[in-house]
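Report on one structure; see the data block that follows.
Here the structure is a predicted model, which is why all the values come from computation and not from measurement.
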Amino acid sequence: MPTSQADMEQLLKDKKDGGQWNSGRKRLNLGGDLKAYTAGEMQQLCSLIPKAHPDVKKLFMANNELDDAQAAAVPEALERLPHLERLFLEGNKFGGEAAAKIFIAAVRHCLHLDELWMPAHCDPNTVDWAQLGVTMSPDVLAAAEKTGAGNWQWGPMVKKQREMQAAGLVAPLPTVAAGVDQAKQAEAEATSKAEAQAKPKAEAEAKKAAEEEAKKEAEAEATSKAEAQAKPK
């Protein structure tokens with residue numbers, strides 16, 4: 001059964017009123033609550049979280065079996081959760097690219113975040129960072145920690161990336177939005193620009209070719225007419 005916006009709003013209200021939230025801890029626990037959510041519903045929920053819990057410091061989204069499409073919505077929530085300190089995402093199914101986009105959003109928007117828990121299979125050393133337009137420093141990757149339970153702690157990576165950016169040692173991370181990475185956007189824009197620049201040239205060449213063809217036809221017609229006039233009567 002689809003989850004309506006009213007259902008989502010009630011879920012977030014229940015979590016707040018049901019003891020999961022208080023001024024000292026500011027915690028939102030959605031662990032295990034989102035298994036039935038579609039990618040579209042996750043997108044909607046992640047747009048509602050900052051409205052319902054704008055000051056959240058600890059966000060639990062672990063053990064929801066979220067795949068890449070569902071996890072693609074998480075960065076949107078992070079963009080409007082500046083006070084977030086801990087994000088728990090272990091026990092999900094999404095892969096390295098989705099994890100990398102969450103990491104990028106955390107670095108850019110969650111300036112107080114120091115814990116970022118990822119599933120056991122999300123090894124940052126195996127992510128194709130270049131595909132996302134990122135040249136990842138080995139020092140940043142080395143900061144990740146594999147826990148005794150087998151999960152990955154990317155929080156130290158977030159901190160190291162910020163430190164190195166502030167020192168001018170690495171470039172700021174690109175914007176990644178709506179599941180589309182900046183590198184692909186730049187490539188598409190460059191292709192579009194090249195096509196736009198090539199269009200006038202192609203049109204000019206086509207016009208020139210058409211004029212030359214017309215000229216040849218006119219010359220051929222003139223030659224044929226002259227030959228006809230030159231024939232003895």
Side-chain angles (χ1 to χ4, degrees), residues 26-28 30-31 42 46 49-50 56-186:
K26 294 189 176 179
R27 180 179 71 170
L28 176 59
L30 297 173
M42 277 296 298
C46 286
I49 289 174
V56 65
K57 292 185 177 180
K58 299 178 184 178
L59 177 56
F60 294 79
M61 301 181 81
N63 303 318
N64 282 304
E65 301 178 4
L66 302 178
D67 60 19
D68 288 340
Q70 293 163 312
V74 177
E76 179 181 343
L78 299 187
E79 289 178 7
R80 293 182 290 150
L81 294 176
H83 304 288
L84 193 65
E85 297 175 356
R86 300 178 183 179
L87 176 59
F88 299 82
L89 291 166
E90 60 269 46
N92 287 302
K93 296 180 178 179
F94 59 79
E97 183 174 334
K101 291 177 180 179
I102 293 170
F103 165 81
I104 291 172
V107 171
R108 290 178 58 87
H109 303 288
C110 304
L111 303 183
H112 301 287
L113 189 137
D114 56 14
E115 291 187 24
L116 178 55
W117 296 89
M118 292 291 189
H121 57 272
C122 288
D123 182 346
N125 297 286
T126 62
V127 173
D128 186 359
W129 293 97
Q131 184 179 346
L132 298 174
V134 176
T135 302
M136 184 60 75
S137 166
D139 292 335
V140 174
L141 292 173
E145 300 173 357
K146 187 80 178 237
T147 68
N151 297 310
W152 281 95
Q153 172 56 271
W154 285 34
M157 282 177 57
V158 174
K159 182 178 180 180
K160 190 68 174 177
Q161 177 71 28
R162 285 206 202 96
E163 290 175 349
M164 295 187 72
Q165 284 184 187
L169 299 175
V170 296
L173 295 175
T175 300
V176 176
V180 180
D181 63 79
Q182 192 180 55
K184 290 180 180 178
Q185 286 181 321

Q.
Please give me the minimum heavy-atom distance between S137 and V170, naming the atom from each residue.
A. CB-CG1, 3.8 Å
(Q) Let me confirm one number: the CE-CG distance from M61 to L28, rounded to the nearest 0.5 Å. (A) 8.0 Å
Q: Rounded to the nearest 0.5 Å, what's the gap from CG on L59 to CG on L89? Could you check?
A: 7.5 Å
(Q) Which heavy atom of C46 sits nearest to which heavy atom of P50, and what is that distance? (A) O-CD, 3.2 Å
Q) Side chains of Q131 and E97: does their closest heavy-atom pair fall under 4.5 Å? A) yes
Q: Would you indicate whether the side-chain heavy atoms of F103 and V127 approach each other to under 4.5 Å?
A: no
Q. How about W117 and R86: do any of their side-chain heavy atoms sit closer than 4.5 Å?
A. no
Q | Within-4.5 Å side-chain heavy-atom neighbours: F94 and Q70 | A | no
Q) Can you name the closest pair of heavy atoms from K160 and D139 and give their distance? A) CG-O, 3.9 Å
Q: Could you grab the distance from atom CE of M118 to atom CG of N92, nearest 0.5 Å is fine?
A: 10.0 Å
Q. Does E85 have any side-chain hydrogen bond (donor to acceptor under 3.5 Å, both in side chains) partners at least two apart in sequence or in another chain, and if so, which?
A. none
Q: Provide the closest heavy-atom pair for L78 versus C110 in the form atom of the first, atom of the second, distance.
A: O-SG, 3.6 Å
Q) Hey, are the side chains of L87 and I102 touching, using non-hydrogen atoms and a 4.5 Å cut-off? A) yes
(Q) Around atom NZ of K93, are there more than 12 heavy atoms from other residues, nucleotides or ligands closer than 6.0 Å? (A) no
Q.
I want to check something: taking the side chain as every heavy atom from C-beta on, are L84 and H109 in contact at a cut-off of under 4.5 Å?
A. no
Q: Mind checking side-chain hydrogen bond (donor to acceptor under 3.5 Å, both in side chains) for D67 and listing every partner two or more places apart, or none if nothing turns up?
A: none
Q: Check whether any side-chain heavy atom of D114 lies under 4.5 Å from a side-chain heavy atom of K159, and answer yes or no.
A: no
Q: For the residue pair P174 and V134, establish whether any side-chain heavy-atom pair is separated by less than 4.5 Å.
A: yes
Q.
If I compare all heavy atoms of W129 with all of A100, which pair ends up nearest, and what's the gap?
A. CZ3-CB, 3.5 Å
Q: Could you grab the distance from atom CD of E76 to atom CD1 of I49, nearest 0.5 Å is fine?
A: 10.0 Å
(Q) Between K26 and K58, is the side-chain contact (heavy atoms from CB on, under 4.5 Å) condition met? List the steps. (A) CA-CA 7 Å; K26 294 189 176 179; K58 299 178 184 178; over 6 Å; no
Q) Which value, rounded to the nearest 0.5 Å, describes the distance between D68 atom CG and K101 atom NZ? A) 8.5 Å
Q | Atom of C122, atom of G96 and distance for their closest heavy-atom approach | A | SG-N, 4.4 Å
Q: Apply side-chain contact (heavy atoms from CB on, under 4.5 Å) to the pair L116 and M157, showing each step before the final yes or no.
A: CA-CA 9 Å; L116 178 55; M157 282 177 57; over 6 Å; no
Q | Spacing of N125 atom CG and W152 atom CH2 [to the nearest 0.5 Å] | A | 5.5 Å
